[in-house]
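Since the structure comes first, as structure tokens, the remarks are kept for the end.
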There are 2 protein chains.
Amino acid sequence: MKQKPTLKVIAKELDVSVSTVSKALRDSKEIGEKTKERVKAFARLYNYRPNNIALSLKNKKTKTLGVIIPEIVHHFFTTVISGIEKFANEQGYNVIVGLSNESFDKEVINLDMLANGSIDGFILSVAKETLAKEDFHHIAETIDQGIPIVMFDRVIDEIPCDKVIVDDVATSKKAVQQLINSGCKKIGIISTMDYVSVGKLRTRGYMEALNHNDISVDFNAILKIDDEFHAANEHEALEKQIQTYFKTNPDLDGVFAVNEIYAITAMKIARKMGKSIPEDIQFIGFTDGVLSQHAYPPLTTVSQHGFEMGEEAARLLIERLEKQDEETESYQTVVVNTAIVERDTTK
Amino acid sequence: MKQKPTLKVIAKELDVSVSTVSKALRDSKEIGEKTKERVKAFARLYNYRPNNIALSLKNKKTKTLGVIIPEIVHHFFTTVISGIEKFANEQGYNVIVGLSNESFDKEVINLDMLANGSIDGFILSVAKETLAKEDFHHIAETIDQGIPIVMFDRVIDEIPCDKVIVDDVATSKKAVQQLINSGCKKIGIISTMDYVSVGKLRTRGYMEALNHNDISVDFNAILKIDDEFHAANEHEALEKQIQTYFKTNPDLDGVFAVNEIYAITAMKIARKMGKSIPEDIQFIGFTDGVLSQHAYPPLTTVSQHGFEMGEEAARLLIERLEKQDEETESYQTVVVNTAIVERDTTK
DNA sequence: ATGAACTACTAAAACGTTTTCGTGTTGACA
DNA sequence: TGTCAACACGAAAACGTTTTAGTAGTTCAT
């Protein structure tokens, strides 16, 4: 087992000082050519690599980003991570991930664990429980300690920081309009509880589309899924809620769902009730993932471009980190555009 | 913006020495009660947290694990990560992820970037390109530098290290046997190229099952998907290969696919060719993910218990890290068991 | 011959901890 | 009164870097 050489051992071995070694490796002009060569050759031979931790301590920056998301087993989030990773790596940054599992406490712990110098900044999508509690002190405190945060997807309006979102209202309006254009007369929405910002906004877009077409909104056609945080039978509960929803709304011929799972589950249930898609009832989902692509029939969705969101988030964060405190320009909110990808659940 | 207090500023503020502060906070009996209280109160007030980087440098351990996987937009891998995260967090470890994107070079870079002191050990699933090249020097070197590696799923036999796998041969045999028991007469397999260890092993299990039932293996019924590493049209290429496969094997009434995507894509194509599932042709996939659950019809799969694999991998790694060099017990290979979850693509 | 200006290097501090080894002040005991 | 523990604290080293501020030794012009 070869131990990693340090500057000190190289120095001793070559009988020069540590500073000479350091400077030689960084090609300082203070050091003579022959010594430089000697040092570099030795370093190459023993495969010297500067110790990252020591550098972090010295420079007071770790070159790593902390990404905290509610759930990793989720196509949208992993796409975002891919985008973050790509951009971050290109800039020489690493990515450390924390999972909140939609839990407030775990979010706090994760923030805390990493805010002790392990990372330079956070990219965060807020846990549902946190949104429900409306307790954001941990986030505010982190920012207050000088650690920048970029929020994406699930953001908090009250917290001033960089944000990456899609225009949920406009996009949803567009999606519902598409349903209307395809001949739907009675359109429903399957959304989340209002405390989830995106659910609220998408519902607003839904209503705006209806209003815009002089269709009165039927509040019974608005389903807000109440998901217990991590009940074991989560998925059964979801099915049950959608089932009763369809029963109370038998005349639905179009459904807009705010995520893939809701859409696909609804489709499954509709099919079970004997409806054919898209003849009897049409569907559009939000967030384009593998599930939608491979669903039966393939689901028409609005694509959020998660990869791009990740890249943007990483870009915002790294730019702020590198700018340091020079110019503390104000916070940006980047809106990445969306696209409806038409597949077989719409006419 | 409150700056994080250090021991030094606390010491100055309270007019004691740095060592006193450190000891007081760690409840050393060397320090008098009143001083301890004074220090603790102050620390609590200013929310003091020891700087992780400094600790890492001092202790020569970072308490973080590096996880390098080929692809994160993949249900199996994210499940494994969840398992790793859970176990790691419970033990006070963080997880830093690197994506190889199935590329040899990116794998090398990732290993290199993190091996400079950033992490204490690796959990790794090898990139396809690396397996194809059979160039494992970067992995061997990392281990040689004293950084332990745990491999999972895609492992390398030649490299001695801890491993977490499923019994691919036995499981595949079981799956194919199930197909046989359900009345399939002509069973095919959709696998990967042989250099992907799991593809090879699962193919072996397939053949063993046939042999065991005195069915001769038809090598035309064995499809080894040739995926260009990240061609843009990756998925189209896959469909095309499967399509010609079905054409050359018109009498297939059972298909065993080594992953979800292959299975689902094959089902889609079979359906397009007018076959009904499971009446005309039955399917079993490997790796139980959302895709299988929500496929139409819901796909019978063998579940790999990715979460458990992640937990096991983290456990092996952390145990080795904490044991340090005391007892260098030999490497373990943990085999996590599998289960066939029957859904609607088998009779 | 003197000093200035290079050249090529070294010493030491600093980043924030923990820990080992002192050290000065008490109090008790002979 | 002198000696010795016990007590409460401090100084300094160490982890591996980078960087600032020297410092010898040489060269060159005056």
Side-chain angles (χ1 to χ4, degrees), chain A residues 3-40 42-43 46-64 92 115-120 145-147 324, chain B residues 3-40 42-43 46-64 92 115-120 145-147 324:
Chain A
Q3 268 306 344
K4 302 223 86 174
T6 67
L7 291 187
K8 203 200 282 192
V9 323
I10 298 184
K12 185 177 296 179
E13 212 69 29
L14 263 45
D15 206 42
V16 292
S17 81
V18 172
S19 15
T20 303
V21 178
S22 174
K23 285 173 183 166
L25 291 176
R26 329 195 87 233
D27 235 340
S28 159
K29 65 182 66 163
E30 289 182 61
I31 306 299
E33 279 309 324
K34 345 100 194 188
T35 331
K36 266 195 213 173
E37 268 323 309
R38 230 162 48 95
V39 172
K40 284 184 186 172
F42 192 94
Y46 287 94
N47 191 32
Y48 169 80
R49 297 253 179 282
N51 179 305
N52 234 306
I53 297 292
L55 286 180
S56 295
L57 184 58
K58 181 116 243 286
N59 302 333
K60 290 171 152 263
K61 44 180 66 177
T62 60
K63 286 271 196 177
T64 96
N116 300 175
S118 302
I119 53 95
D120 295 340
Q145 280 174 10
I147 303 178
Q324 205 74 14
Chain B
Q3 270 304 346
K4 302 224 86 176
T6 67
L7 290 188
K8 204 199 282 192
V9 323
I10 298 184
K12 186 177 295 178
E13 212 68 29
L14 263 44
D15 206 42
V16 291
S17 81
V18 172
S19 15
T20 302
V21 178
S22 174
K23 287 171 185 168
L25 290 175
R26 329 196 85 233
D27 235 341
S28 159
K29 66 183 65 164
E30 288 183 63
I31 306 298
E33 279 308 326
K34 345 101 194 183
T35 332
K36 266 194 212 173
E37 267 323 310
R38 230 161 50 94
V39 171
K40 285 183 186 171
F42 191 94
Y46 287 94
N47 191 32
Y48 169 79
R49 297 253 179 283
N51 179 306
N52 234 308
I53 297 293
L55 285 181
S56 295
L57 184 58
K58 182 116 244 285
N59 303 331
K60 292 175 151 261
K61 44 180 66 177
T62 59
K63 286 273 196 175
T64 96
N116 300 178
S118 301
I119 53 96
D120 295 340
Q145 280 174 11
I147 303 177
Q324 205 71 15

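Labels below follow one simple rule: chain letters A, B, ... track the order of the sequence lines, proteins then strands, and each chain is numbered from 1.
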Atom CD1 of I53(A) and atom P of dC15(C) are separated, to the nearest Å, by 18 Å

Do any N or O atoms from the side chain of N51(A) and from the backbone of I53(A) form a donor-acceptor pair under 3.5 angstrom? yes

Charged N to carboxylate O below 4.0 Å: is that the case for K34(A) and E37(A)? no

In terms of heavy-atom contacts, does CG of D15(A) have more than 12 from other residues, nucleotides or ligands at under 6.0 Å? no

Sugar-phosphate, base or nothing in reach of S56(B), heavy atoms under 4.0 Å: nothing

Short side-chain N/O contact to dT17(C) OP1/OP2 from Y48(B), under 4.0 Å: yes

Sugar-phosphate only, base, or nothing, as touched by L7(B) at under 4.0 Å among non-hydrogen atoms: base

Roughly how many Å is it from CZ in R38(A) to P in dC9(C), rounded to a whole number? 9 Å

Just by modelled atom types, is the S28(B) backbone N or O under 3.5 Å from a matching donor or acceptor in the K36(B) side chain? yes

Grab the CD1-C1' distance between I10(B) and dT18(C) for me, whole Å please. 15 Å

Nearest to the side chain of K34(A), heavy atoms from C-beta on, is which of dT17(C), dA8(C), dC9(D)? dA8(C)

Rounded interatomic separation in angstrom, taking CG from D27(A) and P from dT18(D): 13 Å

Indicate the atoms forming the closest heavy-atom contact of K63(A) with D120(A), along with that distance. N-OD2, 2.8 Å

For V18(A), does its backbone N or O pair with a side-chain atom of S22(A) as donor and acceptor, under 3.5 Å? no

Whole-Å distance between dC15(D) P and K63(B) NZ? 21 Å

Step through the shown structure and confirm whether more than 12 heavy atoms of other residues, nucleotides or ligands are within 6.0 Å of CZ on F42(B). yes

Where each residue is assigned the nucleotide of DNA chain D containing its nearest heavy atom, which of G32(B) and K60(B) is assigned the position nearer the 5′ end? G32(B)

Take nucleotides 19-25 of chain D nucleotide by nucleotide from the 5' end and write B, S or -, depending on whether a protein heavy atom sits under 4.0 Å from the base, only from the sugar-phosphate, or from neither. BBB----

From CG of L57(B) across to C1' of dT18(C) the rounded distance in Å is 11 Å

Given dC9(D), is OP1 or OP2 found less than 4.0 Å from the side-chain N or O atoms of T35(B)? yes

Would you kindly give the NZ-to-C1' distance between K8(A) and dA13(D), to the nearest whole Å? 10 Å

To the nearest angstrom, the CG-P distance between N52(B) and dG16(C) comes to 14 Å

